[in-house]
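To keep things clear, I will list the structure first and then write my remarks on it.
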Amino acid sequence: GDRSYVSFAAGALAEIGDPRVIPAMIEAINRDNTYSTIYGIGYFGLGKLTGVQYNEAHNGAWWTDWWQKNQSRFLPVK
């Protein structure tokens, strides 16, 4: 289902390890903000890329705020 696809895609992007995908993942959560998207992207993608432990309360607004405060920790990939 969609949940598996979202989880797989987020995990694959996280495995690449490129922090440039973080804003796109956050935007995907913001656009949908359902449990499936928050879990699939938050746990399998953002959690691995950022080191932030998954929490179901970490919705799009939470991740947007977190990124604004923490993006300087992630050096641009060249």
Side-chain angles (χ1 to χ4, degrees):
D2 289 343
R3 184 175 176 182
S4 296
Y5 177 74
V6 168
S7 299
F8 175 78
L13 288 170
E15 287 296 318
I16 294 169
D18 187 341
R20 292 180 294 182
V21 301
I22 294 171
M25 288 185 176
I26 293 170
E27 182 59 27
I29 292 175
N30 273 321
R31 287 180 182 259
D32 187 53
N33 248 348
T34 62
Y35 172 78
S36 293
T37 303
I38 292 169
Y39 175 73
I41 294 174
Y43 182 82
F44 294 100
L46 291 171
K48 291 180 180 180
L49 281 168
T50 65
V52 174
Q53 186 172 7
Y54 170 76
N55 183 317
E56 66 185 38
H58 294 172
N59 62 12
W62 187 92
W63 276 110
T64 298
D65 184 58
W66 182 90
W67 183 244
Q68 289 173 350
K69 293 175 183 173
N70 293 280
Q71 64 184 316
S72 63
R73 292 180 23 209
F74 299 88
L75 299 175
V77 176
K78 295 179 181 182

Only counting residues at least two apart or in another chain, list the ones meeting salt bridge (Lys or Arg N to Asp or Glu O under 4.0 Å) with R31.
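For R31 the salt bridge (Lys or Arg N to Asp or Glu O under 4.0 Å) partners, ignoring immediate neighbours, are E27.
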Using 0.5 Å steps for rounding, measure from the CD atom of Q53 to the OH atom of Y43.
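So the CD of Q53 and the OH of Y43 are separated by 9.0 Å.
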L13 CG to R20 CZ distance, which is reported to the nearest 0.5 Å
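So the gap between those two atoms works out to 11.5 Å.
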Shortest non-hydrogen contact between M25 and A14, atoms and distance:
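Heavy atoms of M25 and A14 come nearest at CE-N, 4.3 Å.
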State, to 0.1 Å, how close S7 and G40 come at their nearest heavy-atom pair, and which atoms those are.
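Shortest heavy-atom separation between S7 and G40 comes out as OG-CA, 3.4 Å.
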Apply side chain to side chain contact (heavy atoms under 4.5 Å, CB included) to residues T50 and N70 and explain how you reach the verdict.
CA-CA 9 Å; T50 65; N70 293 280; over 6 Å; no
Identify which one of V52, I38, I22 satisfies the side-chain contact (heavy atoms from CB on, under 4.5 Å) criterion when paired with L46.
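The option that passes is I22.
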Residue list, side chain to side chain contact (heavy atoms under 4.5 Å, CB included) with A28, at least two apart or on another chain
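So A28 forms a side chain to side chain contact (heavy atoms under 4.5 Å, CB included) with I41.
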Scan residues 58-67 for pairs that pass side-chain hydrogen bond (donor to acceptor under 3.5 Å, both in side chains), counting only residues two or more places apart or in two chains.
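Found N30-T64, D65-K69, W67-Q71.
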Does the gap between the ring centers of Y39 and F44 come in under 6.0 Å?
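Yes, ring centres under 6.0 Å apart.
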